[in-house]
Amino acid sequence: MLTVEQAQARVLALARPVGAERCWIDAALGRVLAEDLRATRAQPPADNSAMDGYAMLWSDVAHLASDHGCGDEAEGDHGVLLTVVSEIPAGSWSDRILEPGEAAKIMTGAPLPPGDGLVVVMREWTDERGDTVLIKQVGAGVGHNIRNAGEDLAEGATYLEAGRVLQPPDLALLASQGVTQVTVRRQPVVGIISTGDEVHEPGNPLPRGHIWNSNAHALGGLVREAGATPRYLGIARDSMESLREVFSRVEGCDAVISIGGVSVGDYDFVKDVLAELGGEQEFWKVAMRPGKPNASGTLAGMPYFGLPGNPVSSMVSFMQFVRPALLKMQGRNELFLETVDAELEHELSTRKRFLFLVRGVLKPKRAGLGYTVSTTGPQGSGIMRSLSLANCLVAVPEDIDKLPAGARVRVQLLPWTRRAQAESALRQD
Ligand code: AMP
Ligand code: MG
């Protein structure tokens with residue numbers, strides 16, 4: 001029997017990066033960047049005003065700061081009267097150098113006039129008087145209310161690295177550089193094959209003793225969450241002919257998942273068909289519950305994952321083995337589910353020799369920092385509600401079979417409930 005880490009290492013060895021493609025930036029959200037991006041120009045490109053107000057030489061008004069202290073409003077005519085020599089709305093510019101005694105009316109985002117030693121005073125601290133302006137109050141020293149060229153991005157700086165999953169602020173960085181398209185990893189196409197004489201698509205009548213195909217839908221969702229594209233290849237019946245036929249539909253995929261038929265049942269023919277098709281397979285028992293039976297290898301040169309048929313097992317196996325491989329194929333840096341430590345709310349019994357991944361609900365502690373976690377009731381590998389109610393998997397290591405209430409445990413966050421979501425969703429209860 002392999003440990004989960006050993007099985008993960010074998011699976012990751014099968015995963016090779018897929019190619020890249022160009023993509024419009026607005027379609028690039030959530031895609032994996034395949035290039036390092038350097039700023040081709042400074043952002044902002046020029047020193048500009050952070051306020052609607054007036055630009056002037058600090059030396060003209062510095063004494064107002066010492067007269068009153070920063071932010072104290074002067075009364076009446078007290079202040080410094082300056083001549084307004086230019087006006088710079090956003091979208092325009094002025095080359096007029098300010099001399100002592102002069103000011104430029106300037107709007108937020110407009111470039112500063114040339115010259116050193118400038119400051120911007122916000123309009124609310126001035127009195128506009130025809131061609132002059134009374135500066136009543138000033139803030140801190142030189143540079144106050146001025147956004148410096150390159151303070152966001154210096155020219156030449158790497159601002160996004162290959163492997164990054166692009167997020168909304170990244171799209172702003174790209175657009176601020178004038179970039180319209182980026183090179184991202186192709187989204188791997190993942191073939192999904194269901195197996196079983198008893199399995200039918202929802203929408204069809206259900207003969208006695210049969211079930212609807214729930215796994216393929218959950219796995220399709222997991223594939224999408226992992227940034228890949230599911231391609232549903234159909235249900236193979238438990239016969240060599242049917243399996244052969246459905247497994248022959250994998251052309252054009254980058255990876256293949258099959259569901260069920262990999263354990264020791266009389267009708268578990270998946271391994272025989274794979275051998276016949278020339279796939280290289282390893283059939284494992286992994287020291288993990290749920291999800292002990294597992295098969296992996298290659299089929300037609302692509303990674304193949306034979307997941308167990310039990311619904312919870314198939315999803316938990318996917319998250320431990322398939323998801324990391326799909327992320328690696330896309331050049332992602334973080335391959336495994338994010339983990340946090342939490343305090344167990346109640347005692348928990350498992351069995352030794354297996355890593356138990358118990359479905360749990362992680363909550364922020366009501367007082368202080370950190371989290372508590374409780375489990376989601378009956379944990380049978382067919383009980384999908386245990387996973388539907390969960391936001392995490394509590395990992396109970398192989399060498400432990402009993403944990404008291406209050407024990408510290410490591411939990412894996414489910415990919416669709418990130419930490420922030422878990423917090424905001426659960427704080428209300
Ligand atoms: P197997 O590994 O084929 O023996 O399947 C184990 C269990 O999972 C059986 O109870 C199957 O009926 C169930 N199962 C297999 N495939 C699916 C599926 N696609 N959707 C829901 N349950 C399934
Ligand atoms: Mg079966």
Side-chain angles (χ1 to χ4, degrees), residues 1-2 7 11 190-226 230-247 249-250 253 255-277 279 281-297 299 304-323 354 357 359 378-390:
M1 201 149 53
L2 299 179
V11 162
V190 181
I192 300 178
I193 296 172
S194 296
T195 73
D197 283 346
E198 77 284 28
V199 180
H200 300 267
E201 273 315 312
N204 294 304
L206 204 58
R208 187 172 170 183
H210 289 215
I211 56 168
W212 277 307
N213 181 6
S214 58
N215 291 354
H217 299 276
L219 291 170
L222 281 169
V223 165
R224 273 205 293 276
E225 186 286 326
R231 182 179 292 172
Y232 186 46
L233 302 177
I235 303 170
R237 300 299 164 206
D238 290 322
S239 71
M240 291 294 281
E241 303 76 64
S242 178
L243 284 162
R244 218 176 268 137
E245 201 270 310
V246 177
F247 270 91
R249 299 175 190 164
V250 301
C253 295
V256 180
I257 297 171
S258 70
I259 304 162
V262 292
S263 51
V264 295
D266 283 352
Y267 301 95
D268 290 341
F269 295 133
V270 168
K271 39 186 169 286
D272 305 314
V273 167
L274 287 166
E276 197 183 280
L277 293 174
Q281 254 63 54
E282 293 185 77
F283 288 86
W284 310 326
K285 289 191 168 50
V286 184
M288 175 176 109
R289 286 283 169 92
K292 185 172 84 163
N294 236 296
S296 275
L299 174 66
Y304 160 77
F305 307 94
L307 300 179
N310 281 311
V312 178
S313 311
S314 70
M315 291 187 74
V316 171
S317 294
F318 181 100
M319 290 187 258
Q320 306 305 310
F321 305 116
V322 187
R323 186 173 183 273
F354 291 94
L357 294 169
R359 278 69 75 202
Q379 297 282 319
S381 59
I383 300 178
M384 189 48 68
R385 283 276 284 170
S386 69
L387 195 49
S388 171
L389 293 170

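Heavy-atom basis, side chains included; hydrogens, waters and symmetry copies ignored. Note that ligands are numbered from 1 as they come in the structure, with each ligand's atoms numbered from 1 the same way.
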For [atom], which protein heavy atom lies nearest, and how many Å away is it?
| atom | value |
| --- | --- |
| atom 5 (O) of ligand 1 | Gly309 CA, 3.7 Å |
| atom 3 (O) of ligand 1 | Gly261 N, 2.9 Å |
| atom 19 (N) of ligand 1 | Asn213 OD1, 2.8 Å |
| atom 21 (C) of ligand 1 | Ser214 OG, 3.3 Å |
| atom 10 (O) of ligand 1 | Asn310 OD1, 4.1 Å |
| atom 17 (C) of ligand 1 | Asn215 ND2, 3.4 Å |
| atom 9 (C) of ligand 1 | Glu198 OE2, 4.2 Å |

Just verifying a value: how many Å separate [X] [atom1] and [Y] [atom2], rounded to the nearest 0.5 Å?
| X | Y | atom1 | atom2 | answer |
| --- | --- | --- | --- | --- |
| Phe321 | Asn294 | CZ | CG | 5.5 Å |
| Leu357 | Gln379 | CG | CD | 10.0 Å |
| Glu276 | Leu243 | CD | CG | 10.0 Å |
| Phe247 | Thr195 | CZ | OG1 | 7.5 Å |

- [ ] Would you check whether Gly196 reaches within less than 4.0 Å of ligand 1, judged by its heavy atoms?
- [x] no

Open item on the list: Yes or no: does Gly265 have any heavy atom under 4.0 Å from an atom of ligand 1?
Closed with: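 False for this residue.
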
Open item on the list: Does any N or O of ligand 1 fall below 3.5 Å from an N or O anywhere on Ile211, backbone included?
Closed with: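 No; every N/O pair is 3.5 Å or more apart.
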
Open item on the list: How close do Ser263 and Lys271 get, counting heavy atoms only, and between which atoms?
Closed with: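 Looks like O-NZ, 2.9 Å.
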
TODO: Mind jotting down which residue pairs meet the side chain to side chain donor-acceptor pair (under 3.5 Å) criterion with at least one end in residues 234-243? Sequence neighbours excluded, please.
DONE: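 Output for this query is empty, none listed.
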
Open item on the list: Show the atoms of ligand 1 that are less than 4.0 angstrom away from any heavy atom in Gly260.
Closed with: 2 (O), 3 (O)

Would you give me the side-chain donor-acceptor pairs under 3.5 Å for residues 285-293, sequence neighbours excluded?
none

Task: Worked verdict on Ile235 versus Tyr232 for side-chain contact (heavy atoms from CB on, under 4.5 Å) - done: CA-CA 9 Å; Ile235 303 170; Tyr232 186 46; 3.3 Å; yes

